[in-house]
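Contents: one structure, followed by commentary.
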Amino acid sequence: MSAVSDRLPAFPWDKLTPYKATAAAHPDGIVDLSVGTPVDPVPELIQKALVAAADSPGYPTVWGTPGLRDAITGWAERRLGAREVTHRHVLPIVGSKELVAWLPTQLGLGPGDRVAYPRLAYPTYEVGARLARAGHEAYDDPTELDPEGLKLLWLNSPSNPTGKVLSQEELTRIVAWARSHGILLFSDECYLELGWEADPVSVLHPDVNGGSYDGIVAVHSLSKRSNLAGYRAAFLAGDPAVLGPLLEIRKHGGMMTSAPTQAAVVAALGDDDHVRVQRERYVSRRELLREALVTHGFRIEHSEAGLYLWATRGESCWDTVDHLAKRGILVAPGDFYGPAGAQFVRVALTATDERVAAAVRRL
């Protein structure tokens, strides 16, 4: 056990514990803008679908029901502009974090192989490489990487933590470069439906991939767009030559989404109205927090999409965390996402309207 755990970095969120205690001591209570967990209700139509499928005594399938696969393929074509997506092009997964952490292992990567991810990035990309004993490195522009031994390239647009969006032209260039070197490209697009000042594009769009899914897979989640973080519901879409072997591995590993959750996902992907309603909530919170932070002396960079504001006061991120914690506001330090974030904090939009208003008053 220790041989595996010793490969991993310290769990970063534990370092926030004393600051959380400081923020919680505020007379009006804590405003937690750190983790970014959804707080709004699960839409009623999704809850009803879950309840209706509650009597599910048998084992679910890893590949999901035909209805679930239909829902995923239909959504990918309707929302992402993908073309000719069949059941072979999709694979349900048990939340996206599980996939990110275990993908290098499931791909058979190990010592001598390399995994690359953005300079500022979700820490689990590195964790996945470490679990597989593969090498790992961060990039500013992936096309400047040495392709030798590079087996897995992660994109993340819109970005967590920065909210940066890669343009269609950038995506097209990166996809072409990865293909020319035989590098498997996975694009984490979990925030794609939350574009504010940009319209994010998927690698599944034909203008990006030239009408071919060879060597590319997109990762999507219902945690943010449908408030389903507690359901652990996500899926992959892309190259069948990649997804087919992953399906077989996941069958042996028992990595299956529960049957009630599969039914809930069908309902969620078939309805766009609840996504619009949730977007409107986040738009309002984003505008209030952004104005308050800027007035308080922060500079906001990127943040054109996603559920966060990437903010700096030009000081150590931990000084900023302390400054805000004394006002009862908890945020995530930027160095959780790489050394390049050392002077930034990530401010989540995932708090109730009442708590956001409290944060604005304090700022």
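Hydrogens, waters and symmetry mates are skipped; everything else that's a heavy atom, side chains included, is used. By convention here, the first residue in the shown sequence is residue 1.
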### Query
So which of Phe336, Tyr308, Trp310, Tyr337 actually passes ring pair (Phe, Tyr, Trp, His ring centres under 6.0 Å) with Phe344?
Trp310
Does atom [atom1] ([X]) have a neighbourhood of more than 12 heavy atoms from anything else shown, all under 6.0 Å?
{"X": "Asp14", "atom1": "CG", "answer": "yes"}
{"X": "Arg79", "atom1": "CZ", "answer": "yes"}
{"X": "Glu197", "atom1": "CD", "answer": "yes"}
{"X": "Glu84", "atom1": "CD", "answer": "no"}

Check [X] against [Y] and note the closest heavy-atom contact, atom names and distance.
{"X": "Ala53", "Y": "Pro260", "value": "O-CG, 3.5 Å"}
{"X": "Tyr213", "Y": "Leu204", "value": "CE2-O, 3.6 Å"}
{"X": "Pro161", "Y": "Arg346", "value": "CB-CD, 3.5 Å"}
{"X": "His302", "Y": "Thr162", "value": "CB-O, 3.2 Å"}
{"X": "Val203", "Y": "Ile216", "value": "O-CD1, 3.4 Å"}

### Query
Relative to each other, are the rings of Trp196 and Tyr282 parallel, tilted or perpendicular (30° and 60° limits)?
perpendicular
Are any of the side-chain nitrogens in [X] or [Y] under 4.0 Å away from the carboxylate oxygens of its partner?
{"X": "Arg285", "Y": "Asp353", "value": "yes"}
{"X": "Arg361", "Y": "Asp28", "value": "yes"}
{"X": "Arg130", "Y": "Asp6", "value": "no"}
{"X": "Arg286", "Y": "Glu291", "value": "no"}

### Message
Walk me through whether Glu280 and Arg276 qualify under salt bridge (charged side-chain N to carboxylate O under 4.0 Å, His left out).
### Response
CA-CA 6 Å; Glu280 290 172 355; Arg276 176 185 52 78; 3.4 Å; yes
### Task
May I ask you to decide if Tyr122's main-chain N or O and Asn160's side chain share a donor-acceptor pair within less than 3.5 Å?
no
### Task
Report the C-alpha separation of Asp322 and Lys326 in whole Å, then their side-chain angles, then the decisive distance to 0.1 Å, and conclude whether the salt bridge (charged side-chain N to carboxylate O under 4.0 Å, His left out) test is met.
CA-CA 6 Å; Asp322 180 64; Lys326 290 173 179 175; 3.1 Å; yes
### Task
Taking the six-membered ring of Trp63 (Phe, Tyr or Trp), confirm whether the NZ or CZ of Arg69 is under 6.0 Å from its centre and within 45° of its axis.
yes
### Query
Hey, do the aromatic rings of Tyr139 and Trp154 have their centres closer than 6.0 Å?
no
